[in-house]
Amino acid sequence: MKAKIHVYQRDNINTDEIIPARYLNTDKEAELAKHAMEDIDKEFVGRVQVGDVVVAGGDFGCGSSREHAVWALRGAGVKAVIAKSFARIFYRNAINNGFLAIECKELDEGLKTGDEIEIDLEGGEIRKDDKVYKFSPIPDFVKKIMEKGNLLETI
Amino acid sequence: MAKTITEKILGGAVGELVEREIDLMMCHEVTTPPALKMLAERGISKVWDSNKIVVTPDHFVPNKDIESAQLAKELNDWAVEQGIKHHYKLGCHGVCHAILPEQGHVKPGLVIVGADSHTCTYGALGAFSTGIGSTDCAYVLATGKLWFKVPETLRFNITGRLQPGVTAKDVILYIIKEIGVDGAQYKAMEFGGEVIDRMSDEEKMTICNMAIEAGGKNGIIETEDYKSDKDCQYEQVYDMDVSDLEPLVAYPHLPSNGKSISEAEKDGIKLDQAFIGSCTNGRFSDLQASAGVLKGKKVQCRTIVIPATTDIYKRCLKEGLIELFIEAGCVVSTPTCGPCLGGHMGVLAKGEKCISTTNRNFVGRMGHPESEVYLASPVTVAASALSGKITDPRKYI
């Protein structure tokens, strides 16, 4: 699949930046989406389009357990996050919602906001023009949840 | 095979995926209501065990606005309807990670999850406990089970003797400074050594509470009956002698930005607010330590004190601490997480600086994205409140 990307090179982008706690008085996805990434990038919500992908450094989503971080991104139209690594609870929350979180250690500064990339899930590759970034395949148990769309569908 | 305490409780080998029965689930009003909607949408109308769930509202209570009132109502109505045995309604409520241990719900060897990242606190009493999101919460409420990957364990041997005025908070800020905010990503952090052994349960809770700030899955401390085997495999062992450790202040915007108090004092940072409270440092001994510094003096910046639970509040009242705080010029509130996450009861304006006994100093954590949070111990925060700038507490000890 192809996607336009929004790149944040920094590590440790935390849940307070993805969806500040001042907006946690609601769990409505459309409301949360209005404030996605607000404390790191005020222009994000105006720029992002359905199907776009967020690219970031290591430890993405660290901090609070708020699943609102996943919902805010999804509500804003984001289809996946690719990061060098993910904080544990964010990663679980993403999987449980069937939201694609790809861990790719090979990310470098070659990717820029506005670039178009191609993600090959089966082959474990992200391609930008001639450049290829490999990632470890999605584990089977994660795939199972992703296929069902939500952890609760596995009950 | 020899195992660490975390491997024993989870019952698997490192890296293995295990499904575990949950002994206790903690629910509050921000992350649980979404889980309740998920269950309702799927026609799941009964929790797996109403005796194994602890419910307390804490984040935005007393309700800060109409939306948060709605969330609190959803939590309360559900808990009543389900006959949740351990339901701490407003008036006997508390910050979740303070009230669960206080009311005796946490025991060694239990598997505890909570829909809150600081659930790792309960490892202080020898439980495996970790934070989860709302979907996981819904899954547990429905089935009483959850999957885990058994983590590698990092062992922290904390040795030497802490100097007066240096606290558990300084020790954990030091550990996070050394290994970084992702230094324990996905891993168990096991704390031990003579310094930890000498700590009270409340001090141990401060240590384990902040395991998540190093990315840890859980923090844990051995007890009489639950210990790691002698020849267990740690992924890494850190030996840290803290005899020369000074009080630390974590500068914005990461908990790993620790600076020694002598360095921090030189910066002469002027403060607008000081906050004493939270699941990290809002227990009785924390408030008592702050009170020892504040006694008979006046604060020079606005200072908010929040006992973490109703029982702590009552004890403070009985022992004269509430009056002492108010005489010193502090504001005292009923238990709430409020200011720690910029919710209410102490939100920062643009450009304001706050020294706080809490656990996170991320951008915008306590209010405006251009405000700043400095993390420190209850005595450092109290000493700083007295001068209106970051101050070494040791002159008051």
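Below, chains carry the letters A, B, ... as their sequence lines are ordered, and counting in each starts from 1. Since the model is a prediction, treat every value here as computed from it, not as a measurement.
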| message | Counting neighbours of NZ on A/Lys28 that are heavy atoms of other residues, nucleotides or ligands and sit closer than 6.0 Å, is the number greater than 12? | response | no

| message | At a heavy-atom distance under 4.5 Å, which candidate from A/Pro20, A/Gly58, A/Ser65 has the highest pair count against chain B? | response | A/Ser65

| said: side-chain contact (heavy atoms from CB on, under 4.5 Å) for B/Val363 and A/Ile40? Distances and angles first, verdict last. | reply: CA-CA 8 Å; B/Val363 170; A/Ile40 183 170; over 6 Å; no

| message | At a heavy-atom distance under 4.5 Å, which candidate from B/Asn63, B/Leu341, B/Leu39, B/Val347 has the highest pair count against chain A? | response | B/Leu341

| said: Tell me if the CD atom of B/Glu235 is crowded by more than 12 foreign heavy atoms within 6.0 Å. | reply: yes

| Is it true that A/Asp16 and B/Arg360 have a side-chain N and a carboxylate O under 4.0 angstrom from each other? | no

| Atom pair OG1/CG of B/Thr32 and A/Asp27 - distance to nearest 0.5 Å | 11.0 Å

| request: Measure distances from A/Ile13 to the heavy atoms of chain B and classify the residue's part below 4.5 Å as side chain, backbone, both or neither. | output: neither

| task | Heavy-atom pairs under 4.5 Å with chain A are the metric here; pick the option from B/Lys37, B/His344, B/Glu29 that has the most. | result | B/Lys37

| Quick one: what part of A/Asn96 sits under 4.5 Å from any heavy atom of chain B, side chain, backbone, both or neither? | both

| message | I'd like to know which of B/His253, B/Lys217, B/Glu213, B/Lys145 tops the heavy-atom pair count under 4.5 Å against chain A. | response | B/Lys217

| note | In terms of heavy-atom contacts, A/Gly63 and B/Phe362 come closest through CA-CE1, 3.9 Å

| message | Surrounding CD of B/Glu19 (heavy atoms of other residues, nucleotides or ligands, distance under 6.0 Å), is the total greater than 12? | response | yes

| query | Which heavy atom in B/Glu67 sits nearest to a heavy atom in A/Asn25, and how many Å separate them? | reply | CB-O, 3.0 Å

| note | Honestly, the part of A/Arg22 sitting under 4.5 Å from a heavy atom of chain B is both

| With a 4.5 angstrom heavy-atom cut-off, which part of B/Lys64 approaches chain A: side chain, backbone, both or neither? | side chain

| chain B contacts, top residue of A/Cys62, A/Ala21, A/Ala69 (heavy-atom pairs, under 4.5 Å) | A/Ala21

| task | Name the member of A/Asn14, A/Thr26, A/Ile89 that forms the most heavy-atom pairs with chain B at distances under 4.5 Å. | result | A/Asn14

| query | chain A heavy atoms under 4.5 Å from B/Pro255: which part of the residue, side chain, backbone, both or neither? | reply | neither

| request: Under the side-chain contact (heavy atoms from CB on, under 4.5 Å) rule, what do A/Arg66 and B/Val30 come out as? Steps first, then yes or no, please. | output: CA-CA 8 Å; A/Arg66 63 188 74 150; B/Val30 171; 5.9 Å; no

| task | Given side-chain contact (heavy atoms from CB on, under 4.5 Å), test B/Phe148 with A/Arg92 step by step and report yes or no. | result | CA-CA 10 Å; B/Phe148 299 98; A/Arg92 270 189 95 103; 4.3 Å; yes

| remark: Highest number of heavy-atom pairs under 4.5 Å with chain A among B/Thr31, B/Asp182, B/Ile212 belongs to B/Asp182

| said: Minimum heavy-atom separation for B/Tyr186 and A/Tyr91, please, with both atom names. | reply: OH-CB, 3.5 Å

| message | If you define the side chain from C-beta out and look only at heavy atoms, does anything of A/Ser85 sit under 4.5 Å from B/Gln185? | response | yes

| query | Are the side chain of A/Arg88 and the backbone of B/Gly131 linked by a donor-acceptor contact shorter than 3.5 Å? | reply | yes

| query | Under a 4.5 Å heavy-atom cutoff, which of B/Ser134, B/Pro369, B/Ala142 has the most pairs with chain A? | reply | B/Ser134

| query | In terms of heavy-atom pairs under 4.5 Å with chain A, which of B/Asn359, B/Ile44, B/Asp136 leads? | reply | B/Asp136

| Part of B/Leu254 lying under 4.5 Å from any heavy atom of chain A | side chain

| What residue in A/Asp39, A/Val70, A/Leu151, A/Thr154 has the most heavy-atom pairs under 4.5 Å with chain B? | A/Leu151

| remark: Pair count under 4.5 Å, heavy atoms only, with chain B: among A/Leu24, A/Thr15, A/Asn97, highest is A/Leu24

| Main-chain N/O of A/Ile155 paired to B/Tyr139 side chain as donor or acceptor, under 3.5 Å | no

| task | Please say whether more than 12 non-hydrogen atoms of neighbouring residues, nucleotides or ligands are located less than 6.0 Å from NZ in A/Lys79. | result | yes

| Contacting moiety of A/Asp11, where chain B heavy atoms sit under 4.5 Å | neither

| request: Examine whether an atom of A/Phe141 lies under 4.5 Å from a heavy atom of chain B, and if so say whether it belongs to the side chain, the backbone or both; otherwise answer neither. | output: side chain

